[in-house]
2 protein chains.
Amino acid sequence: MVRPDSQLPDTKTRILDAAERLFMENGYAATSVRMITGAAGVPVALVNYHYGSKQGLMEAVYARALGNRGGSRVGYLDRLEAVAGGKPIAVDVLVDAFLSSALRLTRKDNISGEVFKQLIGRAFYEPGPGTEAFFPLEYREAVDRYRQAFMRALPHLTQDDVVWRMYFFVGIVAYAMAGKDVMRMTENYSLADAGDPEAVMARLRPFVVAGFQAPAGMPRGT
Amino acid sequence: MVRPDSQLPDTKTRILDAAERLFMENGYAATSVRMITGAAGVPVALVNYHYGSKQGLMEAVYARALGNRGGSRVGYLDRLEAVAGGKPIAVDVLVDAFLSSALRLTRKDNISGEVFKQLIGRAFYEPGPGTEAFFPLEYREAVDRYRQAFMRALPHLTQDDVVWRMYFFVGIVAYAMAGKDVMRMTENYSLADAGDPEAVMARLRPFVVAGFQAPAGMPRGT
DNA sequence: GTCTATAAACGGATAGAC
DNA sequence: GTCTATCCGTTTATAGAC
């Protein structure tokens, strides 16, 4: 277990690293165990030895990527509300907080921020193991807390309005994280800052904030 | 080829119907040819006979779903611009037009609107055959035309701003169409109108319009 | 056009030596 | 913990009868 003088990570970690990248690039079903072990330079059998099955490996990938973020997800919001002292928090602050706590990455592990984000984004679209298990449990509380905060900040909106707009917000973020950009927008128009998460957030913020602050949507020809 | 008195479609169409549904539900890699032929009630060999390969079948699914929409995609915008006579078209009208021409379905074929939408949405997130080939070619002109129209309507924005906001717009639509709703938002909050495309569009419109009209995003702490 | 039978390769998982 | 060899089911695709 202890190998302080080795250059490469141990086989268990190498498998996880390769799986993370390949699952992210191709998706779960289109990635074979042999592709993973081939990329990691280890024999196939080690996947089952270390992780039990392909599905177990996928779940380990998500477990490492999410790490111990469960607690810290609402921690930031807690602090904001403590400072606000009962008064509503401004929408732009909430949008930033939601983006940061959901996406911002300050890990000690060796996973890169880019990979993490695409991995999370993929969970929003691809059916398969690893995602169903923990996502609702981990995120449900955070979503509800933000919903309440947004409703306090936007008293002109109904709960349905707020939930829908959070849904759209999540959609934008997921697409920015995991989307294929099939219209080649960032390519055809050579958006210089496409690869920089901070820059994308800067573009995102005013769009989403204005969306939240928009008048309520008329349910039907009103 | 001609079977006017038969109750069921011919085998070629039945295969395409089943493939469309299963590819949509499970994704390309997770759907086997045998699942498709099993659902269609035909022997496996007919897939290769009619479509050459599994990939050919996938491409046929997309080809039928997109149909002859190529020409009509910018047709609506053409008419709007003719009516406007050189003056900018209002943002909300452009948003509606983009939604309608990209998503609204008035097909004569037997494909359902729901299936079509999820199929297109899936193209935005899943790597695999069928999508790369035609999407840029079919949509590039439309995207560029709308970009120009949005820029005329929003003179305070740079081209990068407009393209980014169109990108966010597409992201919302794709997520609303194909997303897994992994946070169970529409479920936990029992959004009554989640299944109704028109209702979702009504919720979407004010959010996106306000987002487009927002002040320009500051590239970095300005 | 339709079907059965089969080919040839690949999938995940395991047994057992080291 | 690591690795080779293998099992066995499933995969796509095809050959050839009807």
Side-chain angles (χ1 to χ4, degrees), chain A residues 1-62 64 126-131 133, chain B residues 1-62 64 126-131 133:
Chain A
M1 200 73 181
V2 191
R3 270 227 229 146
D5 53 342
S6 175
Q7 302 249 1
L8 269 65
D10 61 350
T11 62
K12 188 168 179 178
T13 306
R14 288 220 307 281
I15 291 171
L16 203 57
D17 290 341
E20 183 177 83
R21 182 175 62 82
L22 290 168
F23 282 146
M24 174 198 95
E25 288 175 5
N26 313 317
Y28 177 79
T31 303
S32 73
V33 174
R34 303 179 123 87
M35 289 165 65
I36 295 166
T37 55
V42 301
V44 273
L46 291 191
V47 163
N48 292 285
Y49 175 75
H50 286 300
Y51 300 101
S53 67
K54 180 186 179 184
Q55 173 159 346
L57 176 56
M58 180 60 151
E59 286 165 2
V61 167
Y62 274 103
R64 184 179 70 167
E126 191 181 45
T131 71
Chain B
M1 200 70 183
V2 190
R3 271 227 226 143
D5 52 342
S6 176
Q7 302 249 1
L8 271 65
D10 61 351
T11 62
K12 188 169 180 177
T13 305
R14 288 220 307 281
I15 290 170
L16 202 58
D17 290 341
E20 181 177 84
R21 182 174 63 81
L22 290 168
F23 281 146
M24 172 198 95
E25 288 175 4
N26 311 318
Y28 177 78
T31 303
S32 74
V33 174
R34 305 180 112 86
M35 289 166 65
I36 294 165
T37 54
V42 301
V44 274
L46 292 191
V47 164
N48 293 288
Y49 176 75
H50 285 300
Y51 299 101
S53 67
K54 181 186 178 184
Q55 172 160 345
L57 175 56
M58 181 58 151
E59 286 166 1
V61 166
Y62 273 102
R64 184 179 69 167
E126 191 181 62
T131 70

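Chain A is the first sequence line, chain B the second, and so forth, proteins listed ahead of strands; every chain is numbered from 1.
We find that CD1 of B:Ile15 is positioned 12 Å from C1' of C:dC3, with the value rounded to whole Å. Following rounding to the nearest Å, A:Met35 (CE) and C:dC10 (C1') show an atom-to-atom distance of 12 Å. The nearest whole Å value for the distance from the CG atom in B:Leu57 to the C1' atom in D:dT11 is 15 Å. Following rounding to the nearest Å, A:Asp10 (CG) and D:dG1 (C1') show an atom-to-atom distance of 10 Å. The CD1 atom of A:Ile36 sits 11 Å away from the C1' atom of C:dG12 (whole-angstrom rounding).
Interatomic distance, OG1 of B:Thr13 versus CG of B:Leu16, reported as 7.0 Å (0.5 Å rounding). Between atom CD of residue B:Glu20 and atom CD of residue B:Glu25 there is a gap of 11.0 Å, rounded to the nearest 0.5 Å. Distance NE2/B:His50 to CD1/B:Ile15: 5.0 Å, rounded to 0.5 Å.
If you check every strand for non-hydrogen atoms under 4.0 Å, A:Thr31 touches sugar and phosphate atoms only.
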Let me have the donor-acceptor pairs involving side chains of residues 35-49 of chain B, under 3.5 Å, with sequence neighbours excluded, atom names and distances please.
unit_1, atom_1, unit_2, atom_2, d
B:Thr37, OG1, B:Val33, O, 3.2
B:Thr37, OG1, B:Arg34, O, 3.2

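Contact check, A:Ser32 against C:dG11: a side-chain N or O comes under 4.0 Å of OP1 or OP2.
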* **Step-by-step salt bridge (Lys or Arg N to Asp or Glu O under 4.0 Å) determination, A:Asp17 to A:Lys12** => CA-CA 9 Å; A:Asp17 290 341; A:Lys12 188 168 179 178; over 6 Å; no
* **side-chain contact (heavy atoms from CB on, under 4.5 Å) assessment of A:Gln55 paired with A:Tyr28** => CA-CA 9 Å; A:Gln55 173 159 346; A:Tyr28 177 79; 3.7 Å; yes
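The shortest non-hydrogen separation linking B:Lys54 to B:Phe23 is CE-CE2, 4.2 Å.
Consecutive pairing runs in DNA chain C reach the stem threshold at C:1-10 with D:9-18, C:12-18 with D:1-7, where a stem means at least three Watson-Crick or G-U wobble pairs with distances under 3.5 Å.
Distance alone, capped at 3.5 Å, places no donor-acceptor pair between the B:Thr31 side chain and the B:Asn26 backbone.
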Interface polar pairs with nucleotides 13-18 of chain D, N/O, under 3.5 angstrom:
unit_1, atom_1, unit_2, atom_2, d
D:dA13, OP2, B:Lys54, N, 2.7

